[in-house]
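Data block below; observations after.
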2 protein chains.
Amino acid sequence: MGKESSLAPDTAKRRRRKEARPAEIIAAGLAEFADRGFAATKLEDVAARAGVVKGTIYRYFDSKEALFEAALKAQIAPVFDEVLGSLDRFPGSTADLLRLVVPTIYRELFGSGIHVLMRIIIAEGGRFPAIAEFYHRESISRGKAILEAIVRRGVERGEFRSGAAADLPMVVIAPAVMAAVWKMTFDRFEPIAIERFMEAHLDLVLNGLAAR
Amino acid sequence: MGKESSLAPDTAKRRRRKEARPAEIIAAGLAEFADRGFAATKLEDVAARAGVVKGTIYRYFDSKEALFEAALKAQIAPVFDEVLGSLDRFPGSTADLLRLVVPTIYRELFGSGIHVLMRIIIAEGGRFPAIAEFYHRESISRGKAILEAIVRRGVERGEFRSGAAADLPMVVIAPAVMAAVWKMTFDRFEPIAIERFMEAHLDLVLNGLAAR
DNA sequence: GCAGATAATGACTTAGAAGTCATTTACTGC
DNA sequence: GCAGTAAATGACTTCTAAGTCATTATCTGC
């Protein structure tokens with residue numbers, strides 16, 4: 001953090017921090033957008049949360065919309081690519097591979113800010129097609145490719161049945177999506193235990209794909 | 001949709017239709033709320049769509065929020081109850097029962113306005129907990145009960161394995177939820193074929209639950 | 001320690017949408 | 001047909017939040 005040569009560590013009220021501001025404003029914006037939606041979010045609130053004043057936001061972003069798009073793009077991190085390559089090298093069964101990958105997805109979904117992102121995409125995707133398209137291209141389609149590769153591996157090695165489910169590997173991850181949706185809608189009224197849910201998910205999927 | 005017939009002798013510009021207005025305004029409101037969200041929806045637009053003027057809305061609803069709640073409550077129709085009773089009487093296997101019930105759910109989800117409702121609940125649930133709670137109580141928890149009854153039947157008759165998936169029957173319907181979410185976010189960029197998706201869904205679930 | 005340069009501020013303007021209400025007009029019973 | 005009524009209107013007020021900008025305070029190099 002910045003420092004000052006007075007008594008309290010950070011007394012100056014107008015610290016100039018050109019480098020740090022955008023990221024702080026983006027983080028504040030993302031949080032506000034996530035639980036209010038684009039239209040209901042006030043830049044005044046975003047500013048307050050970021051520890052600045054509304055006018056400051058306009059030094060770094062042209063408009064509310066520009067901040068919105070910047071915030072979402074900053075959050076969409078394609079971490080998938082390396083996984084695809086390492087699939088070939090995995091030594092165990094494909095069931096074990098799924099037992100490794102599925103919990104990773106749950107951790108990503110519920111540990112990081114991704115389900116926050118999901119809510120925004122669902123809520124605002126219609127009005128910001130560019131964002132939905134970007135997210136689809138950068139994250140969703142890659143995740144899908146990985147799933148396809150895994151299921152194909154299982155079929156090729158004779159571990160999984162071929163059939164309708166193997167042809168549309170998306171269904172394999174559906175319970176995780178449902179859990180995320182539940183978390184953001186009904187969890188207050190009827191909480192779900194993610195750990196148990198994930199076990200049920202794996203139980204269903206591994207048995208559903210397994211060759212007889 | 002309910003528009004005025006411009007040819008017919010319906011020229012009067014201020015028809016008084018006390019009975020029909022509320023339903024028309026609600027329908028218009030639901031449509032606008034669904035693709036704009038609560039905050040971004042303008043009552044002026046709702047009025048235009050309903051063929052009235054903004055002031056008229058206030059004859060029937062106290063506020064934008066009141067209209068919103070009325071619209072959602074009108075759409076939440078608990079059609080589940082009779083199903084629960086008829087489960088006992090179903091003659092076939094539990095797999096066949098699911099092959100009957102799952103397509104019904106897909107038809108409900110995609111044929112009627114339910115996935116529209118879903119989007120609103122996801123987008124605005126945080127700001128309108130009363131609505132989310134109502135929807136959960138009237139629809140979700142009943143659907144869940146039905147699923148539980150079906151899976152229990154399968155286990156009791158020795159058709160389904162008992163295990164993690166059978167203990168949390170929610171996972172069984174997850175792919176339908178995912179399909180609905182997909183429809184409202186990425187379908188423009190990468191359309192999914194609901195029919196094929198449903199087959200993959202049933203394939204995965206029936207095999208995943210089946211006793212060995 | 002001084003003089004630019006510019007990050008940050010907060011008071012301001014503006015736009016747009018919620019909500020109000022006096023007036024107009026269609027319908028009703030007589 | 002007429003008078004009373006209330007449904008519907010549209011012009012109005014009010015309020016809120018986006019976006020602007022002249023001023024102020026902090027930082028930098030000298």
Side-chain angles (χ1 to χ4, degrees), chain A residues 1-29 31-33 35-71 124 127-128, chain B residues 2-5 8-29 32-33 35-71 124 127-128:
Chain A
M1 297 288 189
K3 47 152 204 196
E4 193 70 11
S5 52
S6 47
L7 327 111
D10 223 48
T11 325
K13 266 303 148 228
R14 279 187 176 196
R15 289 158 343 202
R16 309 171 86 185
R17 306 188 308 123
K18 188 180 161 64
E19 312 304 327
R21 293 295 190 215
E24 289 171 4
I25 292 168
I26 278 177
E32 292 287 322
F33 287 134
D35 53 57
R36 296 234 211 282
F38 176 78
T41 291
K42 299 175 236 181
L43 288 188
E44 205 95 53
D45 293 347
V46 174
R49 189 189 275 250
V52 296
V53 100
K54 190 176 60 170
T56 303
I57 294 179
Y58 285 91
R59 292 207 80 64
Y60 299 101
F61 304 95
D62 286 344
S63 65
K64 186 183 179 183
E65 199 168 315
L67 169 61
F68 182 68
E69 295 187 353
E124 315 286 354
R127 313 233 296 138
F128 296 91
Chain B
K3 277 177 66 176
E4 53 180 15
S5 40
D10 212 62
T11 331
K13 266 305 147 225
R14 279 189 176 194
R15 290 158 344 204
R16 309 173 84 187
R17 306 187 308 122
K18 186 180 162 67
E19 311 304 325
R21 291 296 191 217
E24 289 170 3
I25 292 168
I26 278 176
E32 291 287 323
F33 287 135
D35 53 56
R36 297 237 213 280
F38 176 79
T41 291
K42 300 176 235 180
L43 287 189
E44 205 94 53
D45 292 347
V46 174
R49 190 189 274 249
V52 296
V53 102
K54 190 176 60 173
T56 305
I57 294 178
Y58 286 92
R59 291 208 79 65
Y60 299 100
F61 304 95
D62 287 345
S63 65
K64 186 182 180 183
E65 198 168 317
L67 169 61
F68 183 68
E69 295 185 354
E124 314 286 354
R127 315 232 294 138
F128 296 92

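Just so it is clear, the structure is predicted and the values come from calculations on it, not from any experiment. Chain identifiers are assigned alphabetically (A, B, ...) following the order of the sequence lines, protein sequences preceding nucleic acid strands; residue numbering begins at 1 within each chain.
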Side chain to side chain donor-acceptor pair (under 3.5 Å) against B:Glu124, all qualifying residues, sequence neighbours excluded = none
The criterion is side chain to side chain contact (heavy atoms under 4.5 Å, CB included); which residues satisfy it with [X], sequence neighbours excluded?
X: A:Ala39; answer: B:Ala39, B:Ala40
X: B:Ala20; answer: B:Arg17, B:Glu24
X: A:Ala27; answer: none

Nearest-0.5 Å distance that lies between atom CD1 in A:Ile25 and atom CG in A:Leu43 | 10.0 Å
Distance in Å, A:Ile57 CD1 paired with A:Arg21 CZ, rounded so as to fall on 0.5 Å steps = 11.0 Å
Which atoms form the tightest heavy-atom contact between B:Ile26 and B:Ala71, and what is the distance?
-> CG2-CA, 3.8 Å
Compare every heavy atom of B:Ala47 with every heavy atom of B:Val53, then report the nearest pair and how far apart it is.
-> C-CB, 3.6 Å
Name all pairs fulfilling the side chain to side chain donor-acceptor pair (under 3.5 Å) condition that reach into residues 37-46 of chain A, sequence neighbours left out, sorted by first residue then second.
-> none
Only pairs at least two apart or in different chains count here, so list each side chain to side chain donor-acceptor pair (under 3.5 Å) that has a residue in residues 57-67 of chain B.
-> none
Starting from [atom2] on [N], measure out to [atom1] on [X] and report it in whole angstrom.
X: A:Ile57; N: D:dA18; atom1: CD1; atom2: P; result: 9 Å
X: B:Arg15; N: C:dC27; atom1: CZ; atom2: C1'; result: 13 Å
X: A:Phe33; N: D:dA17; atom1: CZ; atom2: C1'; result: 13 Å

Atom pairs under 3.5 Å, N or O on each side, protein against nucleotides 12-15 of chain C: can you list them with distances?
none

By ring pair (Phe, Tyr, Trp, His ring centres under 6.0 Å), A:Phe61 pairs with (sequence neighbours left out) none
Can you give me the N/O atom pairs linking the protein to nucleotides 21-25 of chain C at distances under 3.5 Å, or say none if there are none?
unit_1	atom_1	unit_2	atom_2	d
C:dT24	O2	B:Arg14	NH1	2.4
C:dT25	O4'	B:Arg14	NH1	3.4

Kindly assign one of parallel, tilted or perpendicular to the pair A:Phe68 and A:Phe128, based on the angle between their ring planes and the thresholds 30° and 60°.
-> tilted
Interface with DNA chain C, restricted to residues 36-44 of chain B and to heavy atoms under 4.0 Å | B:Thr41, B:Lys42, B:Leu43
DNA chain D-proximal residues of residues 60-68 of chain B, any heavy atom under 4.0 Å | B:Tyr60
Any A:Arg21 side-chain N or O less than 4.0 Å from OP1/OP2 of C:dA8 = yes
Polar atoms only, N or O, under 3.5 Å: list the protein pairs with nucleotides 28-30 of chain D and their distances.
none

